[in-house]
Each structure stands twice: as structure tokens, then as C-alpha cells.
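Working notes, beginning with the structure itself.
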Amino acid sequence: MFVDFFFQLKAAKVPVTIREYLMLLEAMEKGVFGYAIDDFYWLARAALVKDEKFFDKFDQAFSHYFRGMMNAAHGLLKADLPEEWLKALAARLFSPDELEKLQQLGLKELMDELAKRLQEQSGRHQGGSRWIGTGGTSPFGNSGINPAGVRIGGAGGQGKAVKIWDKREFRALAGDVELGTRNIKVALRRLRKFVREGAEDEFDLGGTIRATAENGGWLDIKMVPERKNRVKVLLFLDIGGSMDSHIRISEELFSAARGELKHLEYFYFHNCLYERVWRSNKRGYNEFTDTWEVLNTYGPDYKVIFVGDATMSTYEITEIGGSIEHWNEETGETWLDRVLTAFPDAVWLNPVDPGRWHHTPSVRLLYQLIQGRMFPLTLEGLDRAMSLLRKRTSQPTRPV
Amino acid sequence: MKFSGTESYVATDDLNMAVNAAIALSRPLLVKGEPGTGKTLLALEVARALGKPIFEWHIKSTTKAQQGLYEYDAVSRLRDSQLGDPRVGEVRNYIKRGMLWEAFTAGEQSVLLIDEIDKADIEFPNDLLRELDRMEFYVYETKETIQATNRPIVIITSNNEKELPDAFLRRCFFHYIRFPEKETMERIVHVHFPDIKPRLLKEALEVFFTVREVNGLKKKPSTSELLDWIKLLLVEDIPPESIRLDATRAIPQLYGALLKNEQDVHLFERLAFLSRRQ
């Protein structure tokens with residue numbers, strides 16, 4: 001019944017599967033909801049979408065699908081809608097007298113009349129084809145929440161009954177990620193640093209055997225605390241500008257890092273690091289974090305990973321006021337140096353093909369500044385970067 | 001059997017829908033949302049509203065999936081064997097039932113809460129796929145299959161610390177509890193403090209949402225903090241007119257209930273300083 005909707009969701013890149021679709025159908029069959037379209041929206045969302053970052057896409061696809069379906073009024077009849085919806089609709093569109101008369105005619109005539117009425121209605125109210133969802137004329141006006149659905153013969157011009165899915169309240173949560181992050185996660189696992197601390201709740205086999213032997217064969221049980229991953233990472237991501245073409249791989253890395261590392265802090269910068277970084281990737285101009293604050297907040301046990309293409313003009317690194325979007329009092333070089341002093345364990349991951357590094361002066365410069373610890377953002381490069389980070393670096397390393 | 005909130009828990013319509021769908025299809029319901037929006041409370045309230053027993057399984061970073069099923073305490077058995085305890089002969093004496101086992105065999109339908117599933121290892125949800133899907137598992141030591149006589153209502157909460165595997169997500173209904181809007185918040189406060197004066201409620205909410213909007217807060221106050229704060233305001237009998245933030249007072253009264261770390265308090269002190277200078 002909603003196969004088209006399912007495919008539209010797929011096309012909108014919401015990761016839905018047949019299993020979830022069947023789950024939705026099953027729920028409808030069990031009569032979980034009472035044929036109000038808001039109920040259907042909520043049910044479909046709970047069944048099909050599994051991450052709030054896809055809510056916005058879902059809302060758009062939902063809106064698109066239902067507008068499309070309602071576009072031509074007689075489309076209603078073609079679209080395989082539950083009879084109850086249509087009846088609820090009819091009850092809203094016709095006066096009780098009319099309804100009674102029509103009901104004697106039978107369902108077919110009722111629907112024909114309904115189609116006619118709807119056609120008039122869409123013309124009268126908005127003239128456009130987008131009358132569901134905007135302007136409060138939705139015939140499916142959710143029998144509960146927006147009581148001002150369709151009115152016939154009464155005063156028009158009711159308030160703006162914007163549909164919940166048209167409000168797109170989850171826009172801020174969207175962000176394309178995940179897909180093939182598994183490999184990156186595995187590479188990041190190299191960073192794991194296990195430390196035994198906390199309560200002794202794990203059986204220590206070796207210790208027990210030793211203690212039992214010493215005890216003359218009588219059991220002496222030894223326990224140890226469980227191993228925990230204590231690695232801490234600061235991630236600095238370059239966004240915007242030339243990084244746009246590498247956005248996918250950066251997002252995958254970010255998503256994998258968030259899944260794999262418990263102590264992860266991340267900041268965004270543009271082209272080169274200066275006195276301020278962003279916490280949200282909107283790159284809005286209001287929510288800065290002082291780079292000093294970052295340097296002072298996190299201890300030297302944090303490992304730093306820069307992600308950026310390092311492609312810019314060299315004056316953006318070496319000159320005061322070299323930043324392309326604000327006046328920087330101190331050079332990017334100074335700031336980079338400060339970060340490297342505060343956090344001796346640092347690497348730079350570069351999504352640009354290493355073959356081209358030598359042709360770009362700024363990459364060469366940054367390569368020197370970071371003491372050769374720049375790696376391509378490939379699985380192999382990531383692997384090498386992580387094993388380097390793991391071995392408490394600080395000494396310069398072989399060039400790539 | 002429909003859930004629609006309780007007298008002490010305000011549930012929005014979309015949340016009710018998700019809960020009821022999960023109950024009708026006996027699939028797990030995954031609940032995410034900002035801290036303090038009542039994710040864990042949901043399970044308790046569902047159990048209360050429907051009059052069912054609840055089993056709570058709180059996940060830590062060291063929790064293994066197997067612990068939810070059962071644990072075989074081989075060490076105790078070894079020790080008992082050395083001490084000549086007669087219980088040794090029966091392996092069943094050393095099998096400790098986990099929360100899933102308890103919920104499966106509760107005798108009536110129960111509510112099973114798996115709290116903060118994202119705290120565990122990344123493989124943890126995968127290890128529970130079959131158990132949650134079929135609601136059965138096999139005990140190797142006693143060679144028996146434990147099957148749910150009544151499929152429990154499973155509610156899982158996550159704080160988004162880790163991504164959950166797709167295979168796991170496919171089997172769940174999902175709901176994201178949004179931070180309540182002012183109206184919902186008013187209802188929530190009313191549920192907890194039915195006698196609160198409208199004036200006080202209005203001023204308190206005003207301040208609360210202003211505080212939440214301040215940029216750069218490390219920890220935004222959430223519903224539970226608001227409730228604590230209002231309780232304090234009531235106990236201390238603070239008059240409504242002195243709650244409001246203005247030029248002379250940029251830090252809320254009794255802010256300790258709302259701002260939970262030093263940096264946030266400092267931030268407010270700085271803001272207070274700035275506003276005095278103006």
C-alpha cells in the first residue's frame with residue numbers, strides 16, 4: 001500500500017529496509033493507530049527511522065509523498081487509502097444531511113462526489129496543488145490536533161495549520177554519516193590503551209593458579225579489575241572551502257571515532273588553526289571556543305588528530321592577519337606550535353592524495369610544522385597514524 | 001492495553017504511539033533523547049500504568065550480553081567441591097539468572113528495561129539480537145532452552161555515546177524524546193507540583209528557558225533539574241517576583257540546582273558582570 005512511500009524514503013537516503021516496512025504494515029494491521037494521519041506519521045517514523053538525524057529527511061519525504069498523492073483530487077481514489085480515512089474525510093467535507101443522502105448512493109458515488117468537492121476546495125483555498133500541509137486545508141486534518149481542518153460553507157481563512165512534518169523540527173539533527181565506518185573503527189581500535197582500574201571484578205586465572213599452588217593446593221582465588229580503554233583524543237576537523245570534496249570521508253571518520261572512542265572531544269576549524277575553534281559544524285559565527293581554553297582544558301595525555309587537506313595559501317599559515325575570514329593577531333604557525341607543545345602526541349590526516357602533497361606549498365609547510373606526522377586519510381594511512389600515536393611519539397618520525 | 005502517560009508522567013502523543021506500537025508488535029522500543037528527558041522513567045511508568053512487573057538491567061561499560069541471560073559461577077562450584085559441599089553435584093545451583101531470564105519466565109508479561117545500552121561495548125547489542133528477536137536462548141550448561149512464556153515489553157535507552165549496529169536498529173521501534181516545549185513543560189511541572197502558583201511557575205519557566213538558551217553552557221539544565229529547582233524555590237518560599245533575571249540579578253536564585261558545574265557558574269558570573277557594566 002505504501003510501497004511508493006518506501007521507495008521515496010530510500011531515494012531520500014533514509015536507510016529503511018524491508019524488514020522495517022513489514023513491521024509498519026504489521027503494526028497497521030494490528031490497528032495500533034486510529035487512522036488519523038498524525039498517528040500514521042508517528043507510527044511510520046517510529047518503525048522506519050532509527051536515528052534522529054534522519055528525522056528531517058523523513059519529514060521531507062513524508063510531506064512530498066502525501067502531497068503528491070493528494071495532488072489531483074481523484075488521485076485519492078487511485079491511491080489505495082484505507083476506507084476509514086476516506087470516510088473520516090467525507091464526514092468533514094459534507095454536512096450530515098448530504099452525507100446521509102450520499103451514503104444511500106453507495107461508496108462509489110460518495111467517493112466521486114468527494115473527489116469533486118476536493119477539487120473545488122483546493123481551487124478555492126489556495127489555488128495551488130500544495131494544499132495539503134499548508135494553509136490548514138488538509139482534508140486529512142488529523143482529527144485531533146488541528147481541529148481547524150477543512151470547513152465547507154463556513155468562514156475560511158483559518159490559521160496556519162502547518163503539519164508537524166512540514167515544520168521540519170529535526171533539521172538541526174541531520175548529518176550524513178555511517179556507511180563503511182566499520183573499517184575505520186577497526187583502525188581506530190589500534191589506539192586502544194587498556195588500563196586495569198576500578199573494582200576487582202574479573203577472575204585472574206594466572207594469579208589464582210599461582211596462589212593456589214603456594215597455598216598447598218587449597219584454592220586461593222585472585223581477582224583483578226577489568227581492562228578499560230583509557231585513550232583520550234582531541235579531534236580537530238577542517239571544514240568548508242576546499243574540504244567540501246572530502247566531506248564524506250571526514251564524516252565517516254568522525255562517526256567512527258565517536259563510536260569507538262569514549263574520551264573524544266572534537267572541534268572544527270577553517271583551513272588553519274587560529275585563536276578560535278568551533279564546537280558545532282555549522283561554522284556559524286557565534287559559538288566559538290577559545291583555542292587557549294582548549295589548550296588549558298585538556299591534559300597532555302590527550303592525543304591530537306587533525307583532519308584537513310592543508311591546502312591553502314601559505315600566508316594563511318605564516319602571516320599575521322593571514323586568515324581569510326577574520327583578522328588573526330597571531331599566525332597559524334604559532335597556534336599550531338602551541339597545540340603541538342601542549343599535546344606532544346599529534347598526527348595530521350590528509351584526505352588529499354599523497355602524490356599531490358609535494359605540489360602544494362602549504363601542504364609541504366604543514367608537513368614540516370607537524371614534523372612529518374602527516375598521513376593520508378586512507379585505511380592504510382590511518383593504520384599507520386594510529387600505531388604512531390599509540391607508541392607515545394613526540395620524537396620525529398620517518399617521512400611518508 | 002494502551003499506554004497514554006500516567007498521573008506522574010506526561011507523555012506526548014508521538015511517544016504514546018511508539019510505546020503502543022512496540023507493545024502491540026512485542027518489539028523492543030529504543031528511546032533516545034537529551035539527558036534528563038525521562039527516558040529511564042518511561043519504562044517504570046509504562047510498567048506502572050499497565051500494572052506489570054519491571055525488570056531493570058542497567059548497563060555499564062563492563063557489562064556483557066551474557067550477563068543478561070545467565071552466568072555460570074564455576075569458581076564457587078570449584079570452591080564448594082574442595083569444601084565437600086553436597087550442592088556441587090547439581091550444575092543448576094551455580095547458574096545465576098540474568099535479567100532477561102527473569103523477564104522471560106516472570107509468569108505474566110513484564111516490562112524489561114535495558115538502560116543506557118550505548119555504555120557497553122560496540123558488540124553488545126549484536127550479541128542480544130537473537131535473544132530479543134526470538135525471546136529465547138540456550139543454556140549450554142544444563143542443555144535447556146529458555147523461552148519467553150510471555151514476551152516482555154522491552155524498553156531500551158541510549159544516550160548516543162556510540163552508534164548502534166544497523167541489524168539491531170532494524171528490529172526496534174525508535175523514539176527520540178525531544179526537549180519539552182514550554183507548554184509540555186508546564187504540564188510536567190503541574191504533574192509534580194499540583195499546587196504551584198501560576199505566577200511562580202511562569203517566572204520559573206521563564207528563567208529556566210533563558211538559562212538553557214545561554215550559549216556555551218557545558219551542561220544545559222534538564223527537566224529533572226528544573227523540578228529540583230522548583231522544589232527548592234517552594235521550600236525556601238521564594239517570592240515569584242524575585243526569581244526574574246534582570247540587570248541586578250543575572251544568576252538565578254538557588255542556581256546550584258540548575259547549574260551543575262563550576263564553569264557554567266563562572267559563565268553566569270561573567271555575564272552578570274557584563275550586564276552590570278552596561
Side-chain angles (χ1 to χ4, degrees), chain A residues 15-17 19-20 23-24 26-27 30-33 38-43 45-52 55 144-145 164 169-170 173 177-178 181-182 185 189 198-199 201-203 208 217-219 221 223 225-229 255-256 258-262 279 286-289 293 297, chain B residues 2 12-27 29-34 60-64 73-76 78-83 118-119 121-123 133 158 160-179 181 215-216 218 263:
Chain A
V16 280
T17 58
R19 191 190 170 105
E20 284 151 331
M23 196 155 100
L24 172 64
E26 196 186 331
K30 293 224 166 124
V32 176
F33 70 108
D38 277 3
D39 285 357
F40 175 71
Y41 164 77
W42 288 324
L43 179 68
R45 202 179 68 184
L48 299 175
V49 191
K50 298 299 156 64
D51 197 321
E52 66 277 12
F55 278 1
I145 284 195
I164 29 178
E169 288 171 330
F170 292 93
L173 297 173
V177 250
E178 198 75 9
T181 52
R182 185 115 191 142
K185 278 185 188 166
R189 279 192 189 172
D201 51 5
E202 205 173 62
F203 182 61
T208 304
W218 285 95
L219 260 188
I221 288 160
M223 305 291 277
E226 203 184 349
R227 301 190 312 153
K228 285 181 194 137
N229 190 4
S255 159
R258 268 194 45 188
E260 193 56 38
L261 303 167
K262 212 172 158 207
R279 195 62 205 246
N286 37 12
E287 285 178 50
F288 301 122
T289 308
E293 202 180 310
T297 308
Chain B
K2 288 245 167 178
T12 50
D13 291 346
D14 48 343
L15 176 59
N16 289 336
M17 172 57 69
V19 172
N20 289 326
I23 295 174
L25 266 64
S26 46
R27 296 279 164 89
L29 173 65
L30 173 65
V31 187
K32 282 208 243 171
E34 253 186 66
K60 297 185 294 178
S61 62
T62 51
T63 307
K64 299 274 174 300
D73 191 356
V75 178
S76 302
L78 179 55
R79 189 195 55 220
D80 284 357
S81 79
Q82 297 219 325
L83 300 174
D118 54 329
K119 291 267 181 300
D121 192 70
I122 127 174
E123 294 300 343
D133 216 20
S158 161
N160 238 356
E161 280 185 16
K162 291 197 188 86
E163 309 257 353
L164 299 172
D166 291 345
F168 178 78
L169 292 176
R170 274 203 292 279
R171 288 165 167 82
C172 304
F173 279 98
F174 172 68
H175 184 74
Y176 182 83
I177 302 190
R178 298 186 38 218
F179 196 82
E181 294 150 5
N215 276 339
K218 265 206 142 151
Q263 282 104 315

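A, B, ... follow the sequence lines: proteins, then strands. Residue 1 opens every chain.
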Determine, step by step, whether A:Glu26 and B:Arg27 satisfy the salt bridge (Lys or Arg N to Asp or Glu O under 4.0 Å) criterion, reporting the C-alpha distance in whole Å, the side-chain angles of both residues, the deciding distance to 0.1 Å, and the verdict. CA-CA 11 Å; A:Glu26 196 186 331; B:Arg27 296 279 164 89; 3.4 Å; yes

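- The minimum heavy-atom distance linking B:Arg171 with A:Arg19 is given by the pair CG-NH2, 3.5 Å.
- Among the candidates B:Ser158, B:Ala22, B:Cys172, B:Gly33, the residue making the largest number of heavy-atom pairs closer than 4.5 Å to chain A is B:Cys172.
- Only the side chain of A:Ile221 comes within less than 4.5 Å of a heavy atom of chain B; its backbone N, CA, C and O stay farther away.
- Your options are B:Arg170, B:Arg79, B:His175, B:Lys32, and the one with the most heavy-atom pairs under 4.5 Å with chain A is B:Arg170.
- In this structure, A:Leu48 CG and B:Phe173 CZ are separated by 9.0 Å, a value rounded to the nearest 0.5 Å.
- Here the side chains of B:Leu169 and A:Asp51 are not in contact, with every heavy-atom distance at 4.5 Å or above.
- How far CH2 of A:Trp42 is from CG of B:Asn20: 12.0 Å, rounded to the nearest 0.5 Å.
- B:Leu25 is listed as a side-chain neighbour of A:Lys30, based on a closest heavy-atom distance under 4.5 Å.
- By the salt bridge (charged side-chain N to carboxylate O under 4.0 Å, His left out) test, B:Glu34 is found to be paired with B:Arg212, residues two or more places apart in sequence or in another chain being considered.
- A distance of 7.5 Å separates CG in A:Asp39 from CG in B:Asp13, rounded to the nearest 0.5 Å.
- What you find for B:Met17 and A:Leu43 is that their closest heavy atoms are CG-N, 3.6 Å.
- Applying the side chain to side chain donor-acceptor pair (under 3.5 Å) test to B:Ser76 and every residue at least two apart in sequence or in another chain returns B:Asp73.
- The pair A:Arg45-B:Asp14 counts as a salt bridge, with a side-chain nitrogen and a carboxylate oxygen less than 4.0 angstrom apart.
- Of the two parts of B:Leu29, neither the backbone nor the side chain holds a non-hydrogen atom closer than 4.5 Å to a non-hydrogen atom of chain A.
- Chain A forms the most heavy-atom pairs under 4.5 Å with one residue out of B:Thr62, B:Leu30, B:Asn16, and that residue is B:Thr62.
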